[in-house]
Trainee: 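Shown below is the structure under consideration.
Here is the naming used below: chain letters follow the sequence lines, and residue numbers restart at 1 for every chain.
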Amino acid sequence: MLDARGRRGLSSGPASGADAGEGRGGGRWRRRASGRCDSANSPSSARSASSPYPDRFARTHTLAEARALGERLGLEVGAAPRDDAPQLRLCGRLMALRDMGRLGFARLQDHSGALQLVFEVRALGQEAYRRAVRLLDVGDHLGAQGRLFYTRKGELSLLVEQWQLLSKALRPLPEKWHGLRDRELCWRQRYLDLLVNPETRERFRRRGELVRALRAMLEEHGFVEVETPVLTPQPSGALARPFVTHHHALDLDVYLRIAPETWLKRLIVGGYDRVYEFARCFRNEGMDPSHLQDFTMLEWYAAWWNYLDNMEFTEQLVRHAVERVVGGTAVEIRGRRVEFGGRWERRTLRELILQDSGIDIDAHADAASLRAAIAARGIDLEQSPEETARLGRGSLIDRLYKVVSRPRIDGPLFITAHPADLSPLARRSDEDPARADRFQLVVAGWEVVNAYSELIDPLDQRARLEQQAAARAAGDAEAMVVEEDYLLAMEHGMPPVSGFGLGIDRFAAPAERRREPARRGLLPPHAPCARGGGRAPRGHP
RNA sequence: GGUUCCUUAGCUCAAUUGGUAGAGCGGCUGGCUCUUAACCAGCGGGUUGCAGGUUCGAGUCCUGCAGGAACCA
């Protein structure tokens, strides 16, 4: 016997009532999940009807299809179902139930939509009617057979002639007025969020559509979808702290990938022209509205392209995806209107910082000089002076940009010419070796795309990874390590190539039209047991 | 990582200065043939996140822990 707490119908009524057996509720589904039921009312076989958890239901229409059919039939409002109207078999979850004594209304919901069911004594008979409204609860899955009609109030409904319980819910759905508001429960019990909050369903539907739109266009352009390792012997491809785990068979610590980059570039060495991967990546860093520990990154690599070719393609592809998902090019993101149509603006990092702070980074060849210029203008880098003192010139520029420029950008804006030492895998600019041939796409204050002409010179690559490894040894947990296996691949010859990375969860923000959508995935990670101690989290057994 | 705030019934929330833990919804019982958050009458429902402390007395004050939120990094 289950714990009575939280289980409907198990509340300890008067002792005499509980003892009254069949007459007062014993042996019913409502009281006992495994209760029996006769099949007189069931449109299905006696075998499956005898269980509150049957194995299937043969439906004739989804609820959206039933609604469309009903609208085509030209039924008269308030009239009883016509004898020649088709018998429909519908199923879904019961989301509302209103018993009027001899007439009852229920709302059935499925993936496609919702439809009202009407239970009526005239159609079912007194006994069957009573059984239906007594046995059924909001939250139950139900199959129903009957004909469509319009109620006197004008709502398209199915007049139920036969019905079958398809799955008994032992726990009630969230409160019907306010729904499920507790953010934690929305994440821990996402199924409830999806069930009662249509905007949550819409949000993840759009995300799926975005992925499909991107994939379709990449395939059209000759990109090949591949999968690369998630468990890797070394973290690589980004500046981030990894998750560590242990490989028992090899007795080796392995890392969950922080980016698929070097693996995809190995495939370019292997002769693929264009590859892409929707790569689940993991970064062991703090969670905030724009960072998830577990997120999906789309990366692609195109041989023979440089970053400028890539920028052209990115503009086309992102515009196309936005049009597909939101049906237009203007999108409101985090309270800002962003126009994806037309030609996107392109600015160098230097221009941007000069405009927003008056500082020309090119006039400051080292960190000390730049630091002095920042201090002279009284710019608050929003971090401790010790932290500021530790930053090299590249990191200082990055920090300055993040404070003075990035929050003000509506975008879509391409930013180019980043310091090379912030991009250890990017090609140096021919005009200025201190800069990388790189671009970022900023939308509503967030970087959503990072791309560059890839560094294909194995000697330069080795030097720059060694520089990173030194920073790592000096205590920078996000710095890269020397990835010999990748250098080995590169030493065999990598063609000119440009790569692209897009955080899907972040980019889905516009598609989802929400203010803080990047925060959580469909089934987000969370601590195993909330509200510590001996008690289970709310809503958990 | 830092600061502030939050955690009370299945859900959404109350509870005066530290003095008997409540309401609505959901559940249960009864009534009702056009409801849409149905309505009417009645009844159950609690280890106040966890562990300590102060006090005659703690949902309330203090300490620690866990989880969550906002802002900052």
Trainee: Can you check the A:L135 CG to B:G27 P distance for me, whole Å?
Mentor: 14 Å
Trainee: Report yes or no: does A:S112 contribute a side-chain atom to a donor-acceptor pair with the main-chain N or O of A:D110 at less than 3.5 Å?
Mentor: no
Trainee: Taking pairing as Watson-Crick or G-U wobble with both contacts under 3.5 Å, can you name the mate of B:G26, or confirm there isn't one?
Mentor: none
Trainee: Between A:E155 and A:V403, which is nearer to the 5' end of RNA chain B once each is assigned its nearest nucleotide?
Mentor: A:E155
Trainee: May I ask which nucleotide in the shown strands pairs with B:G45, Watson-Crick or G-U wobble, both distances under 3.5 Å?
Mentor: none
Trainee: Using purine N1 to pyrimidine N3 plus N6-O4 or O6-N4 for Watson-Crick, or N1-O2 and O6-N3 for G-U wobble, both under 3.5 Å, which nucleotide pairs with B:A9?
Mentor: none
Trainee: Does A:Y53 use its side chain to pair, donor to acceptor, with the backbone of A:K168 at less than 3.5 Å?
Mentor: yes
Trainee: Roughly how many Å apart are B:G64 and B:G46, using the C1' atom of each and rounding to a whole number?
Mentor: 25 Å
Trainee: Using the C1' atom on both, measure B:G24 against B:U20 and round to a whole Å.
Mentor: 22 Å
Trainee: Under the 3.5 angstrom rule, does the side chain of A:R377 hit a backbone N or O of A:G358 as a donor-acceptor pair?
Mentor: yes
Trainee: If the P atom of B:G2 is compared with that of B:A58, how far apart are they to the nearest Å?
Mentor: 33 Å
Trainee: Judged by atom type as modelled, is there a donor-acceptor pair below 3.5 Å linking the side chain of A:R67 to the main-chain atoms of A:A114?
Mentor: yes
Trainee: Would you call A:R134 and A:D99 a salt bridge, taking side-chain N to carboxylate O under 4.0 Å as the test?
Mentor: no
Trainee: Give one of base, sugar-phosphate or nothing for A:R122, where a contact means two heavy atoms less than 4.0 Å apart.
Mentor: base
Trainee: Rounded to the nearest Å, what distance is computed from the CG atom of residue A:L97 to the P atom of nucleotide B:C28?
Mentor: 10 Å
Trainee: Calculate the interatomic distance between A:R98 atom CZ and B:G26 atom P; express it in whole Å.
Mentor: 11 Å
Trainee: Just the rounded figure in Å: distance from P of B:C72 to CZ of A:R399.
Mentor: 11 Å
Trainee: Taking atom P of B:U33 as reference, at what distance in whole Å does atom CZ of A:F105 sit?
Mentor: 11 Å
Trainee: Under 4.0 Å, heavy atom to any atom of RNA chain B: which of residues 63-70 of chain A qualify?
Mentor: none
Trainee: Hunt down the Watson-Crick or G-U wobble partner of B:A69, both distances under 3.5 Å, from any strand shown, or write none.
Mentor: B:U4
Trainee: Please confirm whether the backbone N or O of A:Y255 pairs with a side-chain atom of A:T232, one donor and one acceptor, at under 3.5 Å?
Mentor: yes
Trainee: Applying the Watson-Crick and G-U wobble criteria at under 3.5 Å, what pairs with B:C50? Answer none if nothing qualifies.
Mentor: B:G64
Trainee: Say whether, by atom type as modelled, one donor and one acceptor occur between the side chain of A:R147 and the main chain of A:R82 under 3.5 angstrom.
Mentor: yes
Trainee: Taking a pair as Watson-Crick or G-U wobble with both distances under 3.5 Å, which nucleotide is matched to B:C32?
Mentor: none
Trainee: A:I409 and side-chain contact (heavy atoms from CB on, under 4.5 Å): which partner among A:D356, A:L352, A:V338, A:V443?
Mentor: A:L352
Trainee: Please measure how far the C1' atom in B:U36 lies from the corresponding atom in B:U48, and state the result in whole Å.
Mentor: 36 Å
Trainee: Measure from the side chain of A:V121, starting at C-beta and using heavy atoms only, and say which of B:C34, B:C28, B:U33 lies closest.
Mentor: B:U33
Trainee: If you only use heavy atoms from C-beta on, which nucleotide in B:C34, B:C28, B:C32 is closest to the side chain of A:D137?
Mentor: B:C28
Trainee: May I ask you to decide if A:Q145's main-chain N or O and A:R89's side chain share a donor-acceptor pair within less than 3.5 Å?
Mentor: no
Trainee: Rounded to whole Å, how long is the line connecting atom CG of A:L103 with atom C1' of B:A38?
Mentor: 12 Å
Trainee: Ignoring hydrogens and geometry, is there a side-chain-to-backbone donor-acceptor pair from A:R257 to A:R280 under 3.5 Å?
Mentor: yes
Trainee: Are the side chains of A:Y401 and A:V442 in contact, using a 4.5 Å heavy-atom criterion?
Mentor: yes
Trainee: When the C1' atoms of B:C28 and B:U17 are compared, how many Å lie between them, rounded to an integer?
Mentor: 40 Å
Trainee: Between residues 108-117 of chain A and RNA chain B, which residues have a heavy-atom gap below 4.0 Å?
Mentor: A:Q116
Trainee: Give the intermediate values and the outcome of side-chain contact (heavy atoms from CB on, under 4.5 Å) for residues A:R122 and A:Y129.
Mentor: CA-CA 9 Å; A:R122 267 206 301 269; A:Y129 175 83; over 6 Å; no
Trainee: How close or far is atom P of B:U36 from atom CG of A:L156, stated in whole angstroms?
Mentor: 18 Å
Trainee: For B:A15 and B:G30, measure between their P atoms and round to the nearest Å.
Mentor: 37 Å
Trainee: Taking the C1' atom in each of B:G59 and B:C43, what is the distance between them to the nearest angstrom?
Mentor: 26 Å
Trainee: If you compare every side-chain N and O of A:R134 against the phosphate oxygens of B:G30 (OP1, OP2), does one of them come in below 4.0 Å?
Mentor: yes
Trainee: Quick one: A:L136 CG to B:G26 P, roughly how many Å, whole number?
Mentor: 16 Å
Trainee: Please pick, from B:C34, B:U36, B:G31, the nucleotide with the shortest atom-to-atom distance to any side-chain atom of A:R130.
Mentor: B:G31
Trainee: Distance check, C1' atoms only: B:U60 and B:U3, in whole angstrom units.
Mentor: 24 Å
